[in-house]
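Only this structure's heavy atoms are used, side chains among them; waters, hydrogens and symmetry mates stay out. Just so you know, these numbers come straight off a predicted model, no measurement behind them. By convention in this document, chain letters (A, B, ...) are assigned in the order of the sequence lines, proteins followed by strands, and residues within each chain are numbered from 1.
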2 protein chains.
Amino acid sequence: MAGKRTYNVERFFQALGDNTRLRLLNLIGDQEVCVCYFVEILGGPQPKISRHLAYLRSAGIVQARREGKWMHYRIVMPPHIGATQVLRQTLEWLRKEKQMQADRVRLTKACCASAKYASLDGAPLPAPVAASCEVC
Amino acid sequence: MAGKRTYNVERFFQALGDNTRLRLLNLIGDQEVCVCYFVEILGGPQPKISRHLAYLRSAGIVQARREGKWMHYRIVMPPHIGATQVLRQTLEWLRKEKQMQADRVRLTKACCASAKYASLDGAPLPAPVAASCEVC
DNA sequence: TCCTTACATACGCTAAAGCGACTATATGTG
DNA sequence: CACATATAGTCGCTTTAGCGTATGTAAGGA
């Protein structure tokens, strides 16, 4: 243990400095969400989503887990208490933004009626949402 | 009042995504600090400091006030409660970072012995520091 | 084994950021 | 008015970011 490197604050905030990435983080929240939902909700080309997820991964803000064909993303709280606080606050802030709320509504609807979305047919539900979705 | 535009979250975080700007914000803290101190503490060419301050201004994170030859910068809390919380948390986080602490120590020393710094001779002291500086 | 699905990565481009060096502006001073 | 000081803005350049398009890859199904 020669000395743990200081957390990259700059990189952390850079990762938050893009609206697509903020929307992704907002959609994930405290769940574990499959990429196909991001593509469905945010629209646009899939590689765009993938690249932003890669950016968030490289900044250490999210982690991916493979489950068969699907990739699930979740937010990992930083090893730094300060960063954790800021990240939590940020997520709370996003919750109050109009566009972010709309996104979340669409995610809920999508995962409760995934059969209706051709692109989501058979897609794995977001983890905690599956248990607590009040609409289903 | 047609409807207030949503606060630019993206821009907010972009402004925090640079180490020089983070150091500036850390030096300002809850005070009002003269540019000459930034130049003295951070080193490097003065235009660099000025440009970063301009960026922070354009993002609405700081405000400048002229007093004779000198410009004083202070942090302005965003009109958005969420942003305010995040900004406060961020400043607290910075306080715990080693480099940031070192910067603050140097600021304190500089303003308590401004006569010793040729470039700071006669420079106005940071506002609240002048009253609460325990070293002077 | 071949094909599809779900996702990631590479490529070429444009736009924005950051930097150093220079110039401009505003205020105070002699 | 001439000049020094404090700070801001401009210019040319390099780097990074973001985008769309095309391609690569890993897993599952036929």
Atom [atom1] of [X] and atom [atom2] of [N]: how far apart are they, to the nearest Å?
{"X": "A:Q14", "N": "D:dT15", "atom1": "CD", "atom2": "P", "value": "16 Å"}
{"X": "B:E67", "N": "C:dA26", "atom1": "CD", "atom2": "P", "value": "19 Å"}
{"X": "A:R66", "N": "C:dT5", "atom1": "CZ", "atom2": "C1'", "value": "11 Å"}
{"X": "B:L22", "N": "C:dA17", "atom1": "CG", "atom2": "C1'", "value": "15 Å"}
{"X": "B:H72", "N": "D:dA6", "atom1": "NE2", "atom2": "P", "value": "12 Å"}
{"X": "B:R11", "N": "D:dG18", "atom1": "CZ", "atom2": "P", "value": "14 Å"}
{"X": "A:L24", "N": "D:dG18", "atom1": "CG", "atom2": "P", "value": "12 Å"}
{"X": "B:Y37", "N": "D:dT7", "atom1": "OH", "atom2": "P", "value": "10 Å"}

I'd like to know if A:V9 and A:M77 are part of one continuous hydrophobic network [Ile/Leu/Val/Met/Phe/Trp/Tyr, side-chain heavy atoms within less than 4.5 Å].
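As far as the 4.5 Å side-chain criterion goes, A:V9 and A:M77 are connected within one cluster.
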With sequence neighbours excluded, residues passing side-chain contact (heavy atoms from CB on, under 4.5 Å) with B:Q46:
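Result, side-chain contact (heavy atoms from CB on, under 4.5 Å) vs B:Q46: B:V39, B:S50.
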Identify, residue by residue, the members of residues 42-49 of chain A with a heavy atom below 4.0 Å from DNA chain D, and return them in order of residue number, or none.
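Only A:P45, A:P47, A:K48 qualify.
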Do any of residues 51-62 of chain B sit with a heavy atom less than 4.0 Å from DNA chain D, and if so which?
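Of all residues in residues 51-62 of chain B, the ones placing a heavy atom under 4.0 Å from DNA chain D are B:R51, B:R57.
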Here's a test of your reading of the structure: between A:R21 and A:K69, which maps to the more 5' nucleotide of DNA chain D?
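Comparing both residues, the 5'-ward one is A:R21.
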Answer yes or no: does atom CZ of B:R88 have more than 12 heavy-atom neighbours from other residues, nucleotides or ligands under 6.0 Å?
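12 or below, so no.
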Name of the residue among A:R57, A:E32, A:Q63 meeting side-chain hydrogen bond (donor to acceptor under 3.5 Å, both in side chains) with A:Y73:
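When side-chain hydrogen bond (donor to acceptor under 3.5 Å, both in side chains) is applied between A:Y73 and each of A:R57, A:E32, A:Q63, only A:R57 qualifies.
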How far does [atom1] of [X] sit from [atom2] of [Y], to the nearest 0.5 angstrom?
{"X": "B:H72", "Y": "B:Y37", "atom1": "NE2", "atom2": "OH", "value": "9.0 Å"}
{"X": "B:F38", "Y": "B:L53", "atom1": "CZ", "atom2": "CG", "value": "6.0 Å"}
{"X": "A:M100", "Y": "A:L25", "atom1": "CE", "atom2": "CG", "value": "8.5 Å"}

Is a donor on one side and an acceptor on the other found under 3.5 Å between the side chain of A:R66 and the backbone of A:G68?
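Between the backbone of A:G68 and the side chain of A:R66 there is a qualifying donor-acceptor contact (under 3.5 Å).
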Output the single nucleotide from D:dA27, D:dA17, D:dC19 whose closest atom is nearest the side chain of A:T20.
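Closest nucleotide to the A:T20 side chain: D:dC19.
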Given C:dA26, C:dA17, C:dC7, which nucleotide is nearest the side-chain atoms of A:W70?
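The answer is C:dC7.
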Between A:Q89 and A:W93, is a side-chain hydrogen bond (donor to acceptor under 3.5 Å, both in side chains) present by the stated rule, with each step listed?
CA-CA 6 Å; A:Q89 287 289 149; A:W93 174 14; over 6 Å; no
N or O in side chain of A:Y73 less than 4.0 angstrom from C:dA8 OP1/OP2:
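Yes, such a contact exists.
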